[in-house]
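As C-alpha cells, the structure follows; a few thoughts come after it.
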Amino acid sequence: MAYTSTHVDGFLSQLQASRLPSPAIRRDIRLSAGVSCRQLALLVGVTPMTVIRWEKGATPHTEHAIRYREVLDALQSLT
C-alpha cells in the first residue's frame, strides 16, 4: 500500500499533538499571549471548561489535541 502525503501529514499531526507541552506550560502560553480560556476554547472548538481541564492535566482527544497544539504553537510564536 502506498501512502500519500495526506497520510503522512495526518500521522505527523497526530504525533505532534501527542507531544503537547505540560499542563502548566499550556496555561503559561495562553496567559503570556493574553488569551482567555473562552477565546482559546472558541479557536479549538471546545468549551472553556474543557480548556481548564486540559490545563489541569486532562488529555484532549486526538482531533482536538491536533488543533490545540496548532493554536498553542501560534500563540507561542506571538510572545
Side-chain angles (χ1 to χ4, degrees):
M1 174 181 194
Y3 291 100
T4 66
S5 63
T6 303
H7 288 107
V8 173
D9 291 343
F11 172 76
L12 294 176
S13 291
Q14 288 180 352
L15 184 61
Q16 182 182 22
S18 70
R19 295 182 177 155
L20 283 167
S22 71
I25 300 288
R26 297 173 204 174
R27 184 175 185 271
D28 288 344
I29 291 169
R30 179 180 61 76
L31 292 175
S32 293
V35 174
S36 70
C37 285
R38 184 172 190 268
Q39 291 169 318
L40 182 59
L42 287 171
L43 290 169
V44 178
V46 297
T47 66
M49 186 48 110
T50 298
V51 171
I52 291 168
R53 285 188 202 109
W54 292 344
E55 291 180 353
K56 291 185 178 197
T59 303
H61 295 287
T62 303
E63 65 277 0
H64 288 132
I66 292 168
R67 183 69 183 139
Y68 187 34
R69 179 62 190 248
E70 292 170 348
V71 172
L72 288 175
D73 288 347
L75 293 176
Q76 194 168 29
S77 73
L78 296 175
T79 58

Exercise: identify the closest heavy-atom pair between [X] and [Y]:
X	Y	result
Pro23	Gly57	CG-CA, 3.5 Å
Ile52	Cys37	CG1-SG, 3.7 Å
Arg69	Pro21	NH1-CD, 4.1 Å
Leu20	Ala65	CD2-O, 4.2 Å

Spacing of Arg53 atom CZ and Thr50 atom OG1 [to the nearest 0.5 Å]: 5.0 Å
Residue pairs passing the ring-ring contact (aromatic ring centres under 6.0 Å, His included) test where at least one lies in residues 44-79, sequence neighbours excluded: Trp54-Tyr68
Residues in salt bridge (Lys or Arg N to Asp or Glu O under 4.0 Å) contact with Arg26, at least two apart in sequence or another chain: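 Not a single residue meets the salt bridge (Lys or Arg N to Asp or Glu O under 4.0 Å) criterion with Arg26.
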Residue of the set Val35, Leu40, Leu72 for which side chain to side chain contact (heavy atoms under 4.5 Å, CB included) holds with Ile29: Leu72
same_hphob_cluster(Leu78, Val44) at 4.5 Å side-chain heavy-atom cutoff: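 Yes: a chain of side-chain contacts under 4.5 Å links Leu78 to Val44.
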Side-chain heavy atoms of Leu43 within contact of Gln39, under 4.5 Å: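 No, side chains not in contact.
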